[in-house]
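All of these numbers come straight from a predicted model, not from anything done at the bench. Just follow the structure's listing: the first ligand is 1, and inside any ligand the first atom is 1.
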Amino acid sequence: MATATNATKPNNGAKCNKKNPRDNTAMRQQRSDPGLLRQPSRQLSQTDGIIHPAPPPEPRPNSRSARPHPLEIKRAPSGDSLGSCSIPDITTPKDQLLQEDASPEHGPPVLRHATNRPLAHTQALAAAATAAKGRPPKPKVRLVEPPMPCNPYMVRVEDGARYSFQAAASCFKPEGYSRFMWDYHQEAELGHGNFSKVYRAVHRLTGVPFAIKTNRSPITTLQARNMWLNEMQALAAVQGHAHIVRLHDGWFESDPRSTGERVFIKTELCGESLGGLVRRRLQLSEQGALDLLRQMASALKRIHEVGMVHLDIKPDNIYAVLGRGLLGAGVLGTQHRVDNSSPTATNTAGIHGCVTGSGALYKLGDFGLAMMQGGKRVGASEGDCRYLAPEALRTRGFLATGLAERMDIFALGATTYELMRGAELPKSGPEYLDVRAGRIVLPGVDTRLVALLKRMMSADPTQRPTADQLTRSPLLTSGIGGGGGSPLRRQSTPVTMLSALHQPTVRCGVSVAHIAQRVAVAPGLAESPRGPPFPLGPHLLSAMRRSVSRTR
Ligand SMILES: Nc1ncnc2c1ncn2[C@@H]1O[C@H](COP(=O)(O)OP(=O)(O)OP(=O)(O)O)[C@@H](O)[C@H]1O
């Protein structure tokens with residue numbers, strides 16, 4: 001980690017802060033006036049508002065009297081370079097306040113350095129050392145290349161020959177301090193949903209990347225706050241599972257742009273969500289589907305065992321971690337094969353996961369809709385209609401039926417079906433009903449796998465297997481002969497044709513009641529008798545024939 005390259009970069013400790021222009025003013029001043037860097041007390045009093053006695057003025061190098069003879073000029077050691085970066089004595093705002101200890105027992109306030117020594121003492125030591133050796137002592141700081149980008153709330157100060165970082169003045173204002181901004185550097189947006197955005201954020205001190213989810217609009221009501229709390233606590237309740245996203249932290253902080261709050265949920269950084277597969281028109285192979293089913297069934301078993309239901313199983317909420325623990329791996333097409341001889345493998349992130357078959361590792365996330373079985377939903381959202389079980393269309397009280405967990409099984413079946421066919425599931429219309437009646441088409445796919453998916457998507461929730469039964473299903477435990485192979489395959493023609501026929505007509509996020517209404521106005525579709533060899537039904541078949549004749 002330690003390199004000398006960074007030590008030569010000019011003014012590295014005062015990088016531009018895009019988020020907080022107030023702090024940039026001081027940094028710009030530093031850059032435009034090198035004299036300020038040599039007179040830290042002046043710079044500090046402008047930025048952090050803390051009073052420090054000014055050190056005795058140094059002779060300006062360009063003044064005639066102070067200019068040394070050219071032959072006497074020596075290059076300063078890299079450790080003393082003003083541009084060097086160091087791991088400083090980090091001073092939090094609280095520590096900073098402690099520095100001005102003005103309690104009556106302790107007498108008048110004593111100005112202290114960040115190391116908690118009185119400033120006068122530190123200066124006396126520095127002066128004594130200078131007098132003894134004729135040059136300032138070397139700062140006792142580790143010079144390393146910082147893995148973190150510059151913290152916008154920290155300003156670098158010099159005290160004699162020592163460098164340290166102190167909290168900027170903005171931290172002392174309640175609305176100016178953000179724990180997220182203090183600790184993390186926000187990078188690319190990983191994705192967003194209806195209520196949130198997820199960012200890749202790097203922990204400034206350690207350089208470890210995380211996925212941090214935050215709200216899109218300020219939290220102003222107790223109900224909204226409880227929804228977020230619910231998400232954090234639901235995820236916390238099922239931690240320690242190899243196929244559930246790891247939760248690291250969660251907190252609220254005041255939103256400087258409003259009177260509301262912001263929430264942050266810090267989780268492990270995974271690869272791309274499986275939703276991206278469908279959008280890129282890639283299909284999951286049989287092996288990939290079996291891996292997905294095996295791992296998600298295991299995750300659901302854990303969730304259901306603690307008495308919870310997820311209620312938002314869909315490709316967008318399943319993240320792929322390919323190969324052995326690739327933090328932030330995002331390239332589905334360039335996957336490394338994992339040793340199939342070992343049923344479990346440890347990735348570099350220390351996660352013990354079942355890595356079999358194609359070697360892909362999947363993780364379930366987004367517990368925003370999770371709830372206790374039989375409980376009441378905190379928010380009003382219904383989830384994604386494409387993966388919604390038919391009983392949810394029939395009655396609003398479906399969550400209290402005691403079979404709520406079978407909705408997760410239906411959603412997992414629908415998710416796998418969508419990923420295998422490589423085209424988005426419809427949000428309404430005849431095919432929407434077909435899927436809910438267990439009529440699914442996967443040409444060329446092993447009939448046992450299709451049968452399992454049909455059972456999982458059975459219209460009668462009691463006919464669907466439980467998560468526990470799924471994990472013990474012979475197909476998942478022993479697989480389809482051969483094993484191994486890529487989790488992906490190229491899209492085949494029939495699926496492309498079907499997807500072209502059934503373009504979604506209703507935007508996602510539409511309420512269940514609305515879908516139920518749409519279903520009701522399509523007379524006879526649900527009841528029309530269908531059977532082999534036309535599993536899609538006569539109306540779809542004629543539409544397909546029309547489409548084919550148009551293309552000829
Ligand atoms: N831990 C993670 N690692 C990598 N990417 C993630 C992670 N968590 C979320 N994402 C990305 O962010 C996107 C949105 O996240 P998430 O589904 O949690 O948000 P949401 O607001 O709850 O979405 P929705 O409203 O659709 O339910 C995901 O589809 C995924 O692409």
Side-chain angles (χ1 to χ4, degrees), residues 184 186-203 208-219 224 227-236 238-239 241-250 262-280 296 299 309-322 325-332 347 349 351 353 360-371 377-388 408 411 414-415 418-419 424-425 427 507-512:
Y184 301 93
Q186 179 182 310
E187 292 191 339
E189 183 185 316
L190 292 169
H192 61 263
N194 296 328
F195 303 104
S196 66
K197 282 189 173 182
V198 182
Y199 293 100
R200 185 188 141 100
V202 177
H203 187 241
V208 177
F210 293 97
I212 298 193
K213 182 171 180 172
T214 186
N215 49 318
R216 290 178 77 154
S217 46
I219 301 168
M227 267 177 67
W228 286 101
L229 262 183
N230 184 69
E231 175 163 355
M232 286 181 212
Q233 293 179 1
L235 187 51
V238 288
Q239 283 301 285
H241 193 281
H243 303 299
I244 295 178
V245 167
R246 263 191 302 171
L247 173 73
H248 288 283
D249 205 353
R262 286 189 81 186
V263 66
F264 296 91
I265 303 180
K266 174 179 154 189
T267 57
E268 76 173 283
L269 179 66
C270 302
E272 189 182 356
S273 80
L274 295 189
L277 273 187
V278 184
R279 287 187 281 277
R280 298 215 309 268
M296 289 303 109
V309 274
H310 186 278
L311 296 181
D312 203 12
I313 305 282
K314 58 179 179 178
D316 277 335
N317 292 338
I318 300 172
Y319 315 122
V321 183
L322 295 176
L326 301 178
L327 270 182
V331 191
L332 282 161
N347 59 29
I351 304 157
L361 186 69
Y362 302 106
K363 298 219 169 200
L364 179 62
D366 191 1
F367 281 62
L369 297 183
M371 55 177 280
R377 195 188 282 293
V378 181
S381 175
E382 305 278 5
D384 195 319
C385 60
R386 285 171 295 180
Y387 315 94
L388 208 56
D408 283 343
T415 296
E418 182 176 72
L419 290 168
E424 271 195 29
L425 288 181
K427 293 165 188 166
R507 280 195 62 231
C508 181
V510 64
S511 77
V512 173

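At least one heavy atom of Gly271 sits less than 4.0 Å from an atom of ligand 1. Heavy atoms of Glu272 come nearer than 4.0 angstrom to ligand 1 in no pair at all.
The residue among Tyr199, Phe195, Tyr319 with a heavy atom at the shortest distance from atom 30 (C) of ligand 1 is Tyr319. Summarising the contacts of atom 15 (O) of ligand 1 with Asn194, Asp316, Leu274, Val198, the nearest heavy atom is found in Val198.
Contact between Asp408 and Leu311 at its shortest, heavy atoms only, is OD1-N, 2.8 Å. Considering every non-hydrogen atom in both Ala224 and Ile219, the closest pair reads CB-CG2, 3.9 Å. The minimum heavy-atom distance between Arg386 and Asp384, with the atom names listed, is NH2-OD2, 2.8 Å. Pairing each heavy atom of His243 with each of Tyr362, the nearest pair is ND1-O, 3.0 Å.
Salt-bridge check for Arg280 with Glu272: passed, with a basic side-chain N closer than 4.0 Å to an acidic carboxylate O.
Residue-ligand proximity, Gly193 to ligand 1, at heavy-atom distances under 4.0 Å covers atoms 20 (P), 21 (O), 23 (O), 24 (P), 25 (O), 26 (O). Near Asp312, with a cut-off below 4.0 Å to any heavy atom, the atoms of ligand 1 are 27 (O). Taking every heavy atom of Lys213 and a limit of under 4.0 angstrom, the matching atoms of ligand 1 come to 16 (P), 18 (O), 19 (O), 20 (P), 22 (O). Of all the atoms in ligand 1, the ones that sit under 4.0 Å from a non-hydrogen atom of Asn317 are 17 (O). Under a 4.0 Å criterion applied to the non-hydrogen atoms of Thr267, ligand 1 contributes the atoms 1 (N). Residue Ala211 has at least one heavy-atom neighbour below 4.0 Å for each of these atoms of ligand 1: 1 (N), 2 (C), 3 (N).
Side-chain contact between Glu187 and Pro209: absent, with no pair of heavy atoms (C-beta onward) separated by less than 4.5 Å. No side-chain heavy atom of Val321 sits under 4.5 Å from any side-chain heavy atom of Tyr319.
Test Lys266, Glu231, Lys197, His192 against Lys213 for side-chain contact (heavy atoms from CB on, under 4.5 Å) and you get one pass: Glu231. In summary, of the residues considered (Asp316, Thr415, Leu419, Asn317), a side-chain contact (heavy atoms from CB on, under 4.5 Å) with Leu274 occurs for Leu419 alone.
The shortest contact between atom 19 (O) of ligand 1 and any protein heavy atom is with Ser196 OG, 3.2 Å. Closest to atom 26 (O) of ligand 1, if we only count protein heavy atoms, is Lys314 NZ, 3.2 Å. With hydrogens left out, the protein atom closest to atom 5 (N) of ligand 1 is Leu190 CD1, 3.8 Å, a heavy atom. Among protein heavy atoms, the minimum distance from atom 4 (C) of ligand 1 is reached at Cys270 O, 3.4 Å. Counting only heavy atoms of the protein, atom 1 (N) of ligand 1 lies nearest to Glu268 O, 2.8 Å.
Checked against a 3.5 angstrom limit, the closest N/O atoms of Asp366 and ligand 1 fall inside it.
Taking the six-membered ring where tryptophan is involved, the planes of His310 and Phe367 are perpendicular, since the angle between them exceeds 60° and thus also 30°.
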